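Since the structure is predicted, the reported quantities are computational estimates derived from the model, not experimental observations. Reckoned from all heavy atoms, side chains included, excluding hydrogens, waters and symmetry mates.
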Amino acid sequence: MAKNSTKNKTVVYSGHYPLVKVCAFWGVVLAGIAGLISFILEVLALCDVHIGWGAKLSGACSMIAQIALFISAWLAAYDYVRNKPKAWKTVYIVFLVLGILGLVGLGLNSFIA
């Protein structure tokens with residue numbers, strides 16, 4: 001008896017941008033480093049040891065992590081809206097600009113304060 005076989009293949013979509021995966025990975029790594037530095041600084045502060053440049057280092061790691069995570073989200077969102085109507089693209093651009101303004105504000109807060 002002949003065996004019937006189907007030639008259906010399942011295609012799994014993994015995204016067009018390997019940069020999304022790279023930015024997401026390094027964003028998570030840097031966010032973990034920033035969290036570890038903040039934790040160590042807080043423990044040292046409880047022991048009355050204060051490091052002046054520690055807050056700037058923690059803020060810089062946090063800022064870089066936020067930028068990397070923002071880029072990965074930005075590219076993934078563009079992949080979502082690129083075939084949508086113009087209204088979706090307008091909403092995307094508006095919130096992209098607002099996100100960039102938020103990152104600039106976060107950067108000013110991290111390095112000036």
Inset, instruction - Using the rule that two of Ile, Leu, Val, Met, Phe, Trp, Tyr join whenever any of their side-chain heavy atoms come within less than 4.5 Å, decide whether Trp53 and Leu41 are in one cluster. - result: yes
Inset, instruction - Using atom types as modelled and distance alone, determine if a side-chain donor or acceptor of Lys89 lies under 3.5 Å from a backbone N or O of Arg82. - result: yes
Inset, instruction - Give every residue pair that meets the side chain to side chain donor-acceptor pair (under 3.5 Å) criterion with at least one member in residues 31-46, sequence neighbours excluded. - result: Ser38-Ser58
Legend entry - hydrophobic_cluster_shared for Ile37 and Val49, side chain cutoff 4.5 Å: yes
Inset, instruction - To the nearest 0.5 Å, tell me how far Ile71 CD1 sits from Leu103 CG. - result: 8.5 Å
Inset, instruction - Decide yes or no on side chain to side chain contact (heavy atoms under 4.5 Å, CB included) for Phe95 and Leu98, but give the supporting numbers first. - result: CA-CA 5 Å; Phe95 283 100; Leu98 292 175; 4.0 Å; yes
Inset, instruction - Identify, with sequence neighbours excluded, every residue that meets side-chain hydrogen bond (donor to acceptor under 3.5 Å, both in side chains) alongside Trp74. - result: Tyr92
Inset, instruction - Could you walk me through whether Leu96 and Phe70 pass the side chain to side chain contact (heavy atoms under 4.5 Å, CB included) test, one step at a time? - result: CA-CA 9 Å; Leu96 173 67; Phe70 182 75; 3.7 Å; yes
Legend entry - Gap separating the NZ atom of Lys84 from the OG1 atom of Thr90, nearest 0.5 angstrom: 14.5 Å
Legend entry - Cluster overlap Leu46 with Phe39, hydrophobic side-chain contacts below 4.5 Å: no
Legend entry - Connected-component partners of Val28 among ILVMFWY, side-chain separation under 4.5 Å: Leu69
Inset, instruction - Output the distance between atom CD1 (Ile100) and atom CD1 (Ile67), rounded to the nearest 0.5 Å. - result: 10.5 Å
